[in-house]
There are 2 protein chains.
Amino acid sequence: MVKKKLSIVDIANSLNISKTSVSFILNGRAAEKRISEELVARVMKFVEEVGYKPNSLAKSLRTGKSNIIGLMVEDISNPFFAAIARLIEDRAYKNGYKIIYCSTDNDTNKTKDLIQMFRDRHVDGYIMAPPEGIEEDVNDLLKNNLPVVMFDRYLPNVDTDHVVIDNKASTFKATQVLIKQGYKDIAFVTFSSEQTQMNDRLAGYEQAIAEAGLKTNIKQVKFQQNEDLIIEPIFEYINENHKRLDAVLFGTNHVGVCGLKVFKRLGISVPDDLAVISFDDYDVFQLYTPPVTAIAQPIEEIADNVITLLLNKLNNKTSLADKQTIIVPTIMNVRASSGK
Amino acid sequence: MVKKKLSIVDIANSLNISKTSVSFILNGRAAEKRISEELVARVMKFVEEVGYKPNSLAKSLRTGKSNIIGLMVEDISNPFFAAIARLIEDRAYKNGYKIIYCSTDNDTNKTKDLIQMFRDRHVDGYIMAPPEGIEEDVNDLLKNNLPVVMFDRYLPNVDTDHVVIDNKASTFKATQVLIKQGYKDIAFVTFSSEQTQMNDRLAGYEQAIAEAGLKTNIKQVKFQQNEDLIIEPIFEYINENHKRLDAVLFGTNHVGVCGLKVFKRLGISVPDDLAVISFDDYDVFQLYTPPVTAIAQPIEEIADNVITLLLNKLNNKTSLADKQTIIVPTIMNVRASSGK
DNA sequence: ATGAAAGCGCTAACAA
DNA sequence: TTGTTAGCGCTTTCAT
């Protein structure tokens, strides 16, 4: 009962025909090759019966195509990335592509390794939220005509398709919401990073503060695997400054959640002690008491654009040389945490 | 500057030696084959210079090994699975294995497809939280000597290694916590499912209720991709019954979060109107007001056991025939939601 | 309309 | 110690 893995040769032999014919039939090129319908039927029937499955490794080796898309996110356990990955997986699957995902941890070397692994496995296209420092590797992909779509952020020196949100406008608006409520000492707590999305978020905050003639209060913490190491510096900052601050804008969902944990520990009440807005929306923010105002990223729209861009390249609907930038707007979900 | 993909033959030719020698050297079998150190050095230097990378597809095709582990979770956007996937990925990576993950959606057919894809790609081992109905496919893997480790649940009719938690004891204890606080009308809200972990959780609740001479209140909702469709039946149930109930035990983190959303909509206050305990721990539960008592799964321990079990099989440290069951205990994080 | 044969890049048994 | 060679399973050109 152990199914011996059978190959195209086995089935050709069993049917006393050549493997070429089998190959053509299996690849739907029977008509084109004018193979008799009768033969086609016989082959299909046999294949069905014995449950033959082509070895896609051999196929890939021969054709250079794999029908696999490599997806690299920063951290698959981050709900934002997990949700995006999920949607992309679904859409890809429906279009005959499989997805392999990996977490980069924003680690340049790990990412280089992963790109290499994807190349090894002959993935047909790449989707990534790139860390800094991989410009060369990505350019090398592009030079080899491998389509790459970036999202969440992009690499300024690499000319690829990318789908991002209007980060600067989002934090600008969020900061203004706080300013209009009369808050004057507004902090921006975020990850330290030179990535485009982070720079833009910071810039939006700074511009709104500057336009209002206020002073900036910026705390950047280093991204760490271990959440406690993120909470620690936030704790110190809030602990030292919460009396002179009246509002906080968090730069990412992760920082936001850590911030809320700090508030809990310090017994800080929202919005009375500190008003709060966070980037990204998330269960926690909706269920928190009071509910937290959040800058929601349109996850479906991002995922949709990303996969469409890539599929178009893969199906040669768009020229590889033709690079698109898509900027999708965010949605401010105003809730009680930012009100008076 | 476009790197022409070079092969082992190219490098053999450039160096005027045979590809066999190159292959042996590249695979660290130089010593074993008593290849001169000088040659080894020359080859390594050249390989380094031209940045040669072996084509792992060809390698896999030839050896049948891929150094890839296939990981199938129910839904990668569920924080429990995302966290486990993350940890497994890390450990595997450190041991020279790559991970490919996929979401099964508890969909039998999709899972069969995915298993097929993994087989196609010659993954060396399988880790899965299996849906029902794939017994045959898994048995087929086992018959072909492919190691399979299950976690979160197992298939009663399939003899594989698996790592699970003591589900029954956990809900039993959680229910007792509520009973000891004097709650008498305790509901159990969970997903309808015949999976082992769900059956066990239900059994634990029922036993505790029976032992206390109380009446069960069970609401099972169907798992759906779309969260609103999960919330709806919970809303109806809670809306109809909350007056006669005094406590609720949620069967999974997902149900728990949906439940909290329902409470918010109905203005139900915790624990005064309803005391709450949920399976799985999660940011939301810690940050909720009041913090929610939760049955925490020891994620690291589960991931560690899973990957260790599989690596042992892959490295032939354990016989394939030798099946282990590991049951790890959960941790009750008692918080204000279950108190009086 | 069908078949033979080369070759994708690699490994390993066997020769030398 | 190193080289020759036969595949792994598939696609595709070129004959027939």
Side-chain angles (χ1 to χ4, degrees), chain A residues 3-43 47 50-68 116-117 119-122 124 144, chain B residues 3-44 46-47 50-68 116-117 119-122 124 144:
Chain A
K3 267 184 220 154
K4 263 213 46 191
K5 230 349 191 177
L6 20 80
S7 78
I8 202 166
V9 178
D10 298 320
I11 106 134
N13 288 342
S14 305
L15 262 38
N16 281 315
I17 56 174
S18 96
K19 61 175 183 172
T20 312
S21 308
V22 180
S23 173
F24 284 143
I25 292 172
L26 257 29
N27 291 305
R29 302 177 56 187
E32 173 190 337
K33 293 291 170 182
R34 275 172 292 188
I35 292 175
S36 70
E37 295 205 355
E38 177 266 333
L39 218 207
V40 173
R42 250 174 69 219
V43 170
V47 162
V50 298
Y52 163 80
K53 291 281 162 37
N55 179 326
S56 57
L57 228 47
K59 195 172 192 159
S60 292
L61 179 60
R62 184 59 231 246
T63 61
K65 271 212 73 179
S66 63
N67 278 301
I68 292 188
Q116 187 56 52
M117 157 190 163
R119 293 187 77 159
D120 278 0
R121 305 313 285 185
H122 288 205
D124 295 337
N144 286 279
Chain B
K3 269 182 220 155
K4 262 213 48 194
K5 209 40 173 156
L6 21 81
S7 79
I8 202 167
V9 178
D10 298 320
I11 105 135
N13 288 342
S14 305
L15 262 36
N16 281 314
I17 56 174
S18 98
K19 62 176 182 169
T20 313
S21 307
V22 180
S23 173
F24 282 142
I25 291 172
L26 256 31
N27 289 306
R29 301 178 58 188
E32 175 189 335
K33 292 289 169 185
R34 274 171 295 187
I35 292 175
S36 70
E37 295 204 355
E38 178 266 331
L39 219 206
V40 173
R42 249 173 71 216
V43 170
M44 293 310 263
F46 187 79
V47 162
V50 298
Y52 163 79
K53 290 281 163 33
N55 179 325
S56 59
L57 229 46
K59 195 172 190 160
S60 292
L61 179 59
R62 185 58 231 244
T63 61
K65 272 213 72 178
S66 63
N67 278 304
I68 293 188
Q116 187 57 51
M117 158 191 162
R119 293 187 76 159
D120 279 2
R121 304 315 285 186
H122 288 208
D124 295 336
N144 286 279

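As the structure is a computational prediction, the values presented were derived from the model and not from experiment. Below, chains carry the letters A, B, ... as their sequence lines are ordered, and counting in each starts from 1.
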Check: Arg62(B) side chain, dG7(D) base, donor-acceptor under 3.5 Å: yes
Checking contacts here: which listed nucleotide (dC10(D), dT1(D), dG9(C)) is nearest the side-chain heavy atoms of Arg34(B)? dT1(D)
Quick one: Asn16(B) CG to dT2(D) C1', roughly how many Å, whole number? 13 Å
Of the candidates dG7(C), dA13(C), dC8(D), the side chain of Thr20(B) sits closest to dA13(C)
In whole Å, what is the span from the CD1 atom of Ile11(A) to the P atom of dT11(D)? 12 Å
Mind calculating the distance between CZ (Arg119(B)) and P (dC8(D)) to the nearest angstrom? 19 Å
Please tell me if Asn55(A) has a side-chain N or O lying less than 4.0 Å from either OP1 or OP2 of dC8(D). no
Does the side chain of Thr63(A) get closer than 4.0 angstrom to OP1 or OP2 of dC10(D) through an N or O atom? no
Between C1' of dA6(D) and CG of Leu61(B), the distance in whole Å: 14 Å
What nucleotide among dA5(C), dG9(C), dT11(D) has an atom nearest to a side-chain atom of Ala58(B)? dG9(C)
Comparing nearest nucleotides in DNA chain D, the 5'-proximal residue of the pair Ile35(B), Pro54(A) is Ile35(B)
Whole-Å distance separating the CG atom of Leu57(A) from the C1' atom of dC10(D): 11 Å
Would you check if Asn55(A) and Leu61(B) make a side-chain contact, meaning some heavy-atom pair closer than 4.5 Å? yes
Nearest to the Ser21(B) side chain among dC10(D), dC8(D), dG3(D), which nucleotide is it? dG3(D)
The nucleotide from dT12(D), dC10(D), dG3(D) with an atom nearest the side chain of Lys59(A) is dC10(D)
Select one nucleotide: of dT13(D), dG7(D), dC10(D), the one nearest the side-chain heavy atoms of Phe24(A). dT13(D)
Would you say Ser23(A) reaches dT11(D)'s phosphate, i.e. side-chain N/O to OP1/OP2 under 4.0 Å? yes
Indicate yes or no: at least one non-hydrogen side-chain atom of Leu57(B) is less than 4.5 angstrom from one of Arg121(B). yes
Hey, does the side chain of Asp124(B) reach the backbone of Ser66(B) with a donor-acceptor pair shorter than 3.5 angstrom? yes
Can you see if the side chain of Tyr52(B) gets near the phosphate of dG9(C) - specifically, an N or O under 4.0 Å from OP1 or OP2? no
Ignoring backbone atoms, test whether Ser7(A) places a side-chain nitrogen or oxygen under 4.0 Å from the OP1 or OP2 oxygen of dG9(D). no
In whole Å, I'd like the distance from the CG atom of Leu6(A) to the C1' atom of dC10(D). 14 Å
Would you indicate, yes or no, if dG3(C) has its OP1 or OP2 atom less than 4.0 angstrom from a side-chain nitrogen or oxygen of Lys19(A)? no
When you look at CD of Glu32(B), are more than 12 heavy atoms from neighbouring residues, nucleotides or ligands closer to it than 6.0 Å? yes
CG of Leu15(B) versus C1' of dT1(D): gap in Å, rounded? 16 Å
Backbone N/O of Leu6(B) and side chain of Asp10(B): donor-acceptor pair under 3.5 Å: no
In whole angstroms, how far is the P atom of dT11(C) from the NZ atom of Lys33(B)? 13 Å
Test item: Ser23(A) side-chain N/O and Lys19(A) main-chain N/O as donor-acceptor pair under 3.5 Å: no
